[in-house]
Amino acid sequence: MLFDAALIDSVPRLVTPVLLAAIGGALCERSGVFNISLEGMMLVGAFAAVAGTFYTGSPLGGLTAALVAGAVFGLLFAFFSVWRKGDDIIVSIGINILAVGLTALLLRSLFGVSGQFDDPAIAALPNLDLGPVGDIPVLGSFLSGQSVLVWLAVALAFAVHHFLHHNNLGLRLRAAGQNAEALRTVGISPERIKTTALLACGALCALGGAQLSISNVTLFTEGMSAGRGWIALVIVMMCRGRLLWILLGALLFGFIDAMSVRLQGLGLPQQVTDALPYVLALLVLALSYRRRTRRAHAT
Amino acid sequence: MTHLFTSRRLVPIGVGLLALVLFPLLVPGSGEIVASFFNGAFGGRNFFNLYATLSRYTILLGMALAVLISFRAGLLNIGGEGQLVLGGLVAALVGVYLPAPPLAVAVVALLAAMTAGACWAVLAGLLERGTGVPLLIGSLLLNYPASFLASYAVSHPFRDVASGATQTFRILREAGLPRFQGTILDYGIFLIGAAALAYVILERFTVFGYRSRLRGYSAGFARASGFPNRRLYYRTLMLSGAAAGMTGFVAVFGSSQRFVDGMLTTPLYAWTGIAAVLLAAVRPGLVPLTAFFFAMLATGSIGMERTAGIPREFGQVIQALIVLTLAGFAGKLTAISGGTR
């Protein structure tokens, strides 16, 4: 049995972290910041969510901590890349190393453990029970009993799409990415717009991390973002920052993620199924770029 | 000589030195901690820690070399991790399973490791030139399948079942790189050093080096000059991947004598190699210094953990802060290496 209710059921949980990070990445892409530190920002969010929940005793505290930590990392990125004019790639590498080092460091100095922190005081995010909807066969378990972040992520995909295309600030954000100097001539600082995008991106990635650490499970493991930030980046690049495509892309990868768990159950070794999303990402990227370059040649 | 003192070269060195000074000062009770840091990096019984630093330095220098080769030509190959891991794995398999005299085993393992690294790098290149996936992303994504493949290989078909850890069997003992008398430091440092020297000579004094360098300054100019662009592109990538693969060979045939799961990925060797090249502002002459700085930072941090109780990850945080500061104050990478994205 490859497909069943349990598989469908797990898809939203696996889609959400990637989707949230990809929405953040799309904001950066559209505002002209080449941010390849989604992975690090997710990791920081995952850690902050666990730490916040542990200290406040409430998952809401964890979410707040994740938002703040993610935003701080976004600001850090903005300071070095937008304001100090550093190269986006170098800054991203720095942010990623910082996230790995800092989470491991804090894990040890705050909780005195290394590798993994697991405590009964870490409460999971509440799941939304949709009442009678849950009784619908197959679809019911897909819709009901998911964490709030799942719904938030889907809503955000549409909201950000609307924001980018039907809102003044959204227009400016796209202008910052397409022609920053033109934006400056009408008296708006592209630096500020980019900083805002990075702040939002950090917070969104961190929420994605929070879904990993205080919803899917209730613990923190070193490196638990496990490449999902890179997958999110691939989705952003593939869709060139278009939100509705990103939603579809995230669904695809979430589905692959869910499938790989299932394939493990069928006897495929874990390492093979773990590599699956990356191989698929490369294939999909290759196909989408191939079509794009052909079109560019044709015109 | 005056151009040596232009700000672009001085800033990274200044940042490095400043960090060296600030590192211990940022923490209260600094005197003792400074001592434990330097003891961790250079001291120990019979200078044991110094050899540990040099051992790590060997690997970092190799990875920095791989990065340097590609960055100088304007190719952002950041897939060193995958190339390193595959090189290490292939070297270990040859070392364990090839029935041949020790010297032959070592030579075949070295060549096989370099080939594996080169192939993985070229694969990313084929993706870029064939389908337009940027090298940066292609090489990066290829890290994951490589690591998972290696992890699978050592946890299932090639696992040393007698040991508790996920690792291969020990390589043919006599084929391992010889060590300096009474130390843990092996001759791999000569191999990597010689490769680095060979690359510098290649870059300075050969047509290939000239063209590769020029391509780094301006890919458009190189194309306009009628350089064999495609050949240049693949050769540079092959060299870069081969350097990473060679580093994998040195790690396996040197200190560990087998391939242990995660031994090449957990210490972030590849990323630190990139950081070292960036700290040196992609200048070949400075890379040996910056690589040494990061090696010292890592082993020194372990020493601090042992005696002063400061978690060793502190070193990694400092490393990240250096990279960030550097990015903010030394300008654009693409402006330095002149590369394309």
Side-chain angles (χ1 to χ4, degrees), chain A residues 34 36 40 76-77 79-81 83-109 114 222-223 226-227 230-231 233-234 237 269-279 281-283 285-294 296, chain B residues 76 78 123-124 127-128 130-134 136-138 140-156 261 265-266 268 271-272 274-275 278 305 309-336 341:
Chain A
F34 190 58
I36 56 168
L76 204 61
F77 194 116
F79 173 73
F80 286 110
S81 124
W83 298 97
R84 291 293 327 169
K85 306 273 180 235
D87 187 275
D88 288 351
I89 297 172
I90 308 187
V91 174
S92 295
I93 291 174
I95 292 278
N96 281 333
I97 299 180
L98 183 64
V100 174
L102 197 63
T103 50
L105 176 68
L106 289 176
L107 196 62
R108 280 233 246 168
S109 49
S114 73
E222 277 180 32
W230 298 116
I231 294 291
L233 177 72
V234 166
M237 294 184 68
Q270 189 201 343
Q271 291 91 348
V272 174
T273 57
D274 280 351
L276 215 63
Y278 297 96
V279 176
L282 274 168
L283 284 177
L285 260 187
L287 285 174
S288 81
Y289 271 88
R290 196 184 174 83
R291 222 186 36 199
R292 213 177 294 172
T293 39
R294 206 179 283 160
Chain B
L76 296 185
I78 58 171
L123 190 59
L127 267 169
E128 183 179 58
T131 64
V133 177
L136 180 80
I137 296 298
L140 177 100
L141 284 177
L142 281 173
N143 284 339
Y144 287 89
S147 307
F148 287 128
L149 180 72
S151 180
Y152 171 73
V154 299
S155 49
H156 295 290
D261 194 18
T265 46
T266 315
L268 297 181
W271 293 104
T272 310
I274 297 175
L278 296 176
E305 176 175 291
I310 298 168
R312 67 178 69 175
E313 288 83 5
F314 198 73
Q316 225 169 51
V317 171
I318 295 291
Q319 183 190 329
L321 291 178
I322 292 172
V323 172
L324 284 174
T325 318
L326 170 78
F329 292 89
K332 285 190 163 289
L333 164 68
T334 38
I336 296 166
R341 226 174 241 172

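This is a predicted model, so every value here is computed, not measured. Throughout, a chain's letter reflects where its sequence line sits, starting with A, and its residues are numbered from 1.
Nearest heavy atom pair, residue B/Leu140 against residue B/Trp271, reads CD1-CH2, 3.7 Å.
Here the side chain of B/Ser151 pairs no donor or acceptor atom with the backbone of B/Ser147 at under 3.5 angstrom.
Both the backbone and the side chain of A/Val100 come within less than 4.5 Å of a heavy atom in chain B. Only the side chain of B/Ile274 comes within contact range of chain A, with at least one heavy atom under 4.5 Å from a heavy atom of that chain. Heavy atoms of B/Leu268 lying under 4.5 Å from chain A belong exclusively to its side chain. Neither the backbone nor the side chain of B/Leu149 has a heavy atom closer than 4.5 Å to any heavy atom of chain A. Residue A/Leu287 does not touch chain B at all, counting heavy-atom pairs closer than 4.5 Å. Both the backbone and the side chain of A/Ile95 come within contact range of chain B, each with at least one heavy atom under 4.5 Å from a heavy atom of that chain.
Put simply, of A/Leu285, A/Asp274, A/Leu102, the one with the most heavy-atom pairs under 4.5 Å next to chain B is A/Asp274. Contact tally against chain B (heavy-atom pairs below 4.5 Å) for A/Val279, A/Leu276, A/Val272, A/Ile93: the top residue is A/Ile93.
Taking 4.0 Å as the cut-off between side-chain N and carboxylate O, A/Arg108 and B/Glu305 count as a salt-bridged pair.
Taking the six-membered ring where the residue is Trp, B/Tyr144 and A/Tyr278 present parallel rings, their angle staying beneath 30° rather than reaching 60°.
Counting only heavy atoms from C-beta outward, the side chains of A/Asn96 and A/Trp230 approach each other to under 4.5 Å.
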